[in-house]
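Structure, as structure tokens:
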Amino acid sequence: MPGEPPDHCGPNRDRKEVSEITPEGIPAVEVSRSLPLIEESTMSVQAFLYVVAVILIVLAALPLPTRGVSLALLGAACALLAYAWPVITA
């Protein structure tokens, strides 16, 4: 546009595109070379047992025929096992 200074001089000389800068001020190109985008970690056995316990207790609250198997007791047993897991594996 007329009246604007060229990109190579004035206050716009160090200006970067928004997509090239991260919140920390490091250019995105350098960040992508040094850091992985997704860091994966495995779920612990204790966390898995707690998730299974919650699922079983939720299923026990639903009116489902289970043929003599008490989902609530099974869920409580899983929760107790998850709670005691550090002592069991120590």
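Other members of the cluster containing Ile88 are Val45, Leu49, Leu81, Trp85, with ILVMFWY side chains joined at under 4.5 Å, either directly or via other members. Side-chain heavy-atom separations under 4.5 angstrom define the hydrophobic clusters, and Val87 shares its cluster with no other residue.
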Output side-chain donor-acceptor pairs under 3.5 Å for residues 50-73, partner residues at least two apart or in another chain, one line each.
unit_1	atom_1	unit_2	atom_2	d
Thr66	OG1	Val69	O	2.7
Ser70	OG	Leu73	N	3.3

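The heavy-atom pair separating Ala82 from Gln46 by the smallest distance is O-NE2, 3.0 Å.
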